[in-house]
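Side chains are part of it too, since the values below use all heavy atoms of this structure and drop only hydrogens, waters and symmetry mates. Since this is a predicted model, take the numbers as computed values, not measurements.
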Protein chains: 2
Amino acid sequence: MKPTIKDIADKAGVSIATVSRVLASKGDSYSKKTGRKVLKIAKEMGYRKNNTAVELVKKKGNVIAVIINATPTNFSTQIIDGIQKQANSLGQHVIILYAGNRSPELQHQAILTALERAISGILLVAIEPDQEDMKLLEGAGTPFCFVSLYLEQNNILAVSSNNRDVAYQATNYLIGHGHKKIGLAGIDQYHTGSQRIDGYRLAMKEHQLDVEDDWIKLGDYSYASGLKLLGDFLSTRVTGIVAASDMVAAGLLNAAQQKGIQLPDQLSIISIDGTVICQIATPALTSVTQDFYTIGVESVNKVMGKKAPLFIPTHITKRSSVAEI
Amino acid sequence: MKPTIKDIADKAGVSIATVSRVLASKGDSYSKKTGRKVLKIAKEMGYRKNNTAVELVKKKGNVIAVIINATPTNFSTQIIDGIQKQANSLGQHVIILYAGNRSPELQHQAILTALERAISGILLVAIEPDQEDMKLLEGAGTPFCFVSLYLEQNNILAVSSNNRDVAYQATNYLIGHGHKKIGLAGIDQYHTGSQRIDGYRLAMKEHQLDVEDDWIKLGDYSYASGLKLLGDFLSTRVTGIVAASDMVAAGLLNAAQQKGIQLPDQLSIISIDGTVICQIATPALTSVTQDFYTIGVESVNKVMGKKAPLFIPTHITKRSSVAEI
DNA sequence: GCACTTTACGTAAACGTTTACAATGGCTAT
DNA sequence: ATAGCCATTGTAAACGTTTACGTAAAGTGC
């Protein structure tokens, strides 16, 4: 049996209250002598705090729950890195609940699991909530914050890149390189996707460029998506494509090369994300680069009630996948 | 205030024991009528079980803790996918504790966090334990299992690919294509690394090929590692390299291309892992492909006390990065 | 040496469940 | 009618902590 504070108390000849005080380092509420004795015995017995009991009585954990989708892109690592660092410096632990592959059911499950324990906040990374999820979250009284995704409601916490702006920047970059027929590939049909469509359309409109319906192709941000979508663009005569993620861009690129299309001369691609994938691909992918680490850091701040921005700035990283026309 | 079973009991005019029995669906220990009434009221009040309390009394959670390193390779997603699926089917939840970037301190922290709550098992994904970690784990009485890494002690649970065999296969593949001067790039200096060195040396020895010391280069499985290591190989005249991970392979490959070295004609690379990175790279990387999903599934089985193999089979996926000499 | 404050510690309640055991009442078999 | 049994429900202890409150002893100022 694992030792409890009661065991320590018995051995030390003090009450459990004193042991508790010592172990919680409650400043000056016990004598140095008692402190030393208790600490020594605790160590001898290999005592380890039972956090379950602590949480039960405190009704507040020191744990931030992060719910992530297994998005087929690889930026989550950076976000979690930021979350972890900042959580640590605020004395919080991090647990990650995995919501499967955009499965609404597993997603719901994950939120329930989070709510079923004493938690200081919930971070939803790239999670599109459905009606039921929202009801659950709002009814629970636990702070929650969307990460790398935002709804258009300002009473709901979120930290993300500005999707409208990201797509606007990407599209403008292509326009600046002389492209007039520009596609948008791989976005989803929910918030992020439609925000990016807005930015894309805005850039096109500002330059009096028409947008044809089949220049916008939905997908799921995955490599497979990109691979598939290139074929769909063949008939459209676009000269440049804004890819919804590095993975989509890589898919487009490789499919193009298989078809003998020269990159970037016959087709330019600009990617959104800017992870290491951009360097691995050949030619290296020019990207709108998101600062995922900072997104992670600020999301912790926000969910813990500190001041934090909604939008984290992005920038364009020039590589070799966009040609001047 | 969140409603508790006591609130439900009051409203329903029954005792908390009955409510508990109904909510836990304890078969036939209550009447259908009471069951319906309690369930209805619970729903009305938006009751949600407090798992903290449950765990405290049961002293056993239904949670598997997964500790992962932010390995700069991307296979963890697949492992976790497998873990998640199998855990689900065994009625277990999964929480993931992030051990930072091979930081011994954070790693220790993560193990402590896991042990501080009632948990059914600990899965350590690609974690190299140090002395202290092992003492902690062994002393805790909680089952634990290494995943995608194994020590050479058969009383310690693990599920992994056979590293010796993986390196042996990879090396043999290059030898089979006529290579005689073969490097090994990016392995670590711990268990996995030395197991792979063994396999590599064995294959070379079986074909009466000498191994020069500077054909083996240590690294950390990252893209940056690969990028850097290519330079170190320049003076060695190896014609083929076994890369310790897809990321290392991608780094080697891109560095080579920057130096104007033709792949695969002037340099062949075979990668270990076989994730999507192999397809993204150009030329596509031939790999020893690991079955990460199954590794995840079986690690859950093992840590839950079911029968499960130590080694999960691998296979070679032929792509375009190895040339015949 | 008195009143008062401070220090150090103990007592016991509380957190929200589960569950062993007891109690009740109705039913069955004789 | 009686004993016995079963189904259903209640009572209360237990899980391992924290903490409000109380109290005894020691210290302080006069």
Between [atom2] on [N] and [atom1] on [X], what's the gap in Å once rounded to a whole number?
X        : N      : atom1 : atom2 : answer
A:Asn50  : D:dC15 : CG    : C1'   : 8 Å
A:Asp10  : C:dG10 : CG    : P     : 11 Å
A:Glu116 : C:dC15 : CD    : C1'   : 17 Å
A:Asn51  : D:dT18 : CG    : C1'   : 13 Å
A:Leu56  : C:dC15 : CG    : C1'   : 4 Å
A:Lys59  : D:dG16 : NZ    : C1'   : 17 Å
A:Lys37  : C:dA8  : NZ    : C1'   : 12 Å
A:Lys33  : C:dC9  : NZ    : P     : 8 Å

Could you tell me whether a side-chain N or O of [X] sits under 3.5 Å from a main-chain N or O of [Y], the two making a donor and an acceptor?
X        : Y        : answer
A:Ser120 : A:Val63  : yes
A:Tyr47  : A:Asp7   : no
B:Gln78  : B:Gln290 : no
B:Asp130 : B:Asp133 : yes
A:Lys302 : A:Ala158 : yes

**OP:** Specify the angle, to 10°, made by the local axes at the two ends of the helix from C:dG1-D:dC30 to C:dT30-D:dA1 when five pairs are taken at each end.
**Re:**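 Between the first-five-pair axis and the last-five-pair axis there is 40°.
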
**OP:** For A:Glu152, look at atom CD and say whether over 12 heavy atoms of other residues, nucleotides or ligands are found less than 6.0 Å away.
**Re:**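 Enclosed.
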
**OP:** Using a cut-off of 6.0 Å, state whether more than 12 heavy atoms not belonging to A:Gln153 lie near its atom CD.
**Re:**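 Yes.
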
**OP:** Tell me what A:Ser20 touches on the nucleic acid: a base, only sugar-phosphate, or nothing, going by heavy atoms under 4.0 Å.
**Re:**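 It contacts base atoms.
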
**OP:** Summarise how protein sits on nucleotides 4-14 of chain D as a single string, 5' to 3': B when a protein heavy atom is under 4.0 Å from the base, S for sugar-phosphate-only contact, - for no contact.
**Re:** ----SBBB---

Original post:
So do the side chains of B:Ile312 and B:Tyr293 get within less than 4.5 Å of each other, counting heavy atoms only?
Top reply: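 When only atoms from C-beta onward are counted, B:Tyr293 and B:Ile312 do not touch, as no gap falls below 4.5 Å.
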
Original post:
Would you say D:dG16 has OP1 or OP2 under 4.0 Å from some side-chain N or O of A:Lys2?
Top reply: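 For A:Lys2, the contact criterion (side-chain N or O under 4.0 Å from OP1 or OP2 of D:dG16) is not met.
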
Original post:
Is the closest basic N to carboxylate O distance between A:Glu44 and A:Lys11 below 4.0 Å?
Top reply: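 No, A:Glu44 and A:Lys11 are not salt-bridged.
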
